[in-house]
Amino acid sequence: MKTLAVIGLQFGDEGKGKIVDYIARYFDIVARYQGGANAGHTVKIGDSIYKFHLIPSGILNHKISVLGNGMVIDPLELQDEINMLKGFNPKKYLKISERAHVVMPYHKELDRNIEELKGSEKVGTTGMGIGPAYEDKYARIGIRIIDLLDKDLLKKKIEIALRIRGRYLNSQYDPVKLAEEYHKLGLNFKKNIIDTSDYINRSLKSGKTILFEGAQGTHLDVDFGMYPYVTSSNTSAAGILTGIGTKPCHVRKIIGVMKAYTTRVGEGPFPTELRNDIGNKILTKGNEYGTTTGRPRRVGWLDLVLVKYAIDLSGVSEIAISKIDILSGMDEVKVAHAYKINGKTTKNLPVKIEDLQKAEPVYKTFKGWEYPTNGKKNIPDEMMKYLNFIEKYTETRISIISLGAKREDTVLLKRI
Ligand code: IMP
Ligand code: MG
């Protein structure tokens, strides 16, 4: 297999980082293609914890790590992450697309100001400036990574962006100072800035293998997610082509990562949400707090209507399921397999947010299980029934399951 993509099937935080950390050993290169420092992956190795926002977690396996052109990169965050990874010699492994867009300080202020203007209709963004950075890209007033290397050009571009965005900003930004600061940051990783599309295509030609690492989840996709409660990039497999710059035939095998239940941060519909003791129990046990913002995540039962939609959209051929251990010790475990909307039962995901908000989940109930059982790490029968139901409903096999936070708790069920 020359390439493999890992994408999220829910609202992000499915455990993609951990799965990538687990399978990166089989690949030469790990590449991200969308999003920015809104993403958050936590990887635990032994007693060490690494929090990633921009750099693919594959770098922990000493793999070439690519930040693709479809990303929006905050150079301050990038610098922090490079510092965190000092022991792993990140500058040796990092390749940054010259075409990727830069998140500037005014994007972060715009992110906050726009949310405030939306009032009760706010999205609940991570505040990392993601939306406004992508807006500037499409408005053709964005700053690209390559611009950081030319101070005068950078100043000119910042002036234009501020002229247009200024009316939504309260703070004063000095283009000269900003250009100086960001030029300096750019020079710090000048040697890592390349044409990543060309690099990837040449690598594939020479027989190298590549893992495409998605950020966020399918239901946050700007085209296919629960718009407007989405992020500003294509989080589904569709994002790989534009965010990496490779041939469609190079995106063939896709692993979809799902959590054994559902979580979501920020606003937006969530049919299976549990606003009760069960939800709180899962929140605490699963340590469901955002890696980027620290916000408690909203928690609910597994929703297979959402998962199936995501699988069919991207052509997912294998499922990796995470955090199933967290559901152990419950009296019963439920899974939504349809919705009731205005008295009608449907397995289709409605496009209208108002319909989704009305959707009542139709559940199948499973008996709870204990894991580990008497200290033994065999999969209990009831858990197996749960997994079998997921496979049958989604018509997709589960090839990886993660039964705990550590690298050693991830199990390859079938050969991918
Ligand atoms: P933004 O990407 O910061 O603009 O936020 C848009 C929506 O996506 C909000 O609901 C965020 O909470 C959500 N979001 C963005 N990144 C992630 C992520 O990595 N995991 C989970 N939710 C995310
Ligand atoms: Mg996350």
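Model, not experiment: these values are computed from the prediction. Throughout, numbering of the chain's residues begins at 1 and tracks the sequence. Each ligand, and each atom within it, is numbered from 1 in the order the structure gives.
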Salt bridge Lys281-Asp277, side-chain N to carboxylate O under 4.0 Å: no
Can you tell me the protein heavy atom closest to atom 3 (O) of ligand 1 and the distance? Thr126 OG1, 2.6 Å
Is the closest basic N to carboxylate O distance between Arg112 and Glu109 below 4.0 Å? no
Salt-bridge criterion met for Glu273 and Arg298 (N-O under 4.0 Å): yes
Please determine if Glu81 and Lys51 form a salt bridge, counting it only when a charged side-chain N lies under 4.0 Å from a carboxylate O. no
Can an N or O of Glu267 be found at a distance shorter than 3.5 Å from an N or O of ligand 1? no
Starting from atom 14 (N) of ligand 1, locate the nearest protein heavy atom and write down its residue, its atom name and how far away it is, to 0.1 Å. Leu220 CD1, 3.7 Å
Mind checking whether Phe389 and Phe366 have ring centres under 6.0 Å apart? yes
Relative to each other, are the rings of His219 and Tyr309 parallel, tilted or perpendicular (30° and 60° limits)? tilted
Proximity of Tyr50 and His41 rings by center, below 6.0 Å: no
Give the numbers and elements of all ligand 1 atoms closer than 4.0 Å to a heavy atom of Phe11. 21 (C), 22 (N)
Can you tell which part of Tyr229 has a heavy atom less than 4.0 Å from ligand 1: side chain, backbone, both or neither? neither
Which residue and non-hydrogen atom of the protein lie closest to atom 5 (O) of ligand 1, and at what distance in Å? Thr125 CA, 3.3 Å
Among the heavy atoms of Arg295, does any lie under 4.0 Å from an atom of ligand 1? yes
Qualifying residue, where the test is salt bridge (charged side-chain N to carboxylate O under 4.0 Å, His left out) with Glu159 and the options are Lys157, Lys156, Arg163, Lys155: Lys155
Only one of Thr125, Asp74, Thr126, Thr231 passes side chain to side chain donor-acceptor pair (under 3.5 Å) with Asn38, and that residue is Thr231
Note the single closest protein heavy atom to atom 22 (N) of ligand 1, along with its residue, its atom name and the distance in Å. Val265 CG2, 3.3 Å
Sub-6.0 Å ring centroid separation between Tyr134 and His101: no
Note the single closest protein heavy atom to atom 2 (O) of ligand 1, along with its residue, its atom name and the distance in Å. Thr231 OG1, 2.6 Å
Quick test: of every protein heavy atom, which one is nearest to atom 9 (C) of ligand 1, and how far off is it to 0.1 Å? Gly124 O, 3.2 Å
Can Ser232 be said to touch ligand 1, with heavy atoms closer than 4.0 Å? no
About how large, to 10 degrees, is the angle OD1 of Asp13, then the Mg ion (ligand 2), then O of Gly40? 160°
With heavy-atom distances below 4.0 Å as the criterion, list the atoms of ligand 1 near Asp13. 20 (N), 21 (C)
Students should be able to answer this: which protein heavy-atom is nearest to atom 17 (C) of ligand 1, and at what distance? Gln216 CG, 3.4 Å
Among all protein heavy atoms, pick out the one at the shortest distance from atom 7 (C) of ligand 1; state its residue, atom name and that distance to 0.1 Å. Val230 O, 3.8 Å
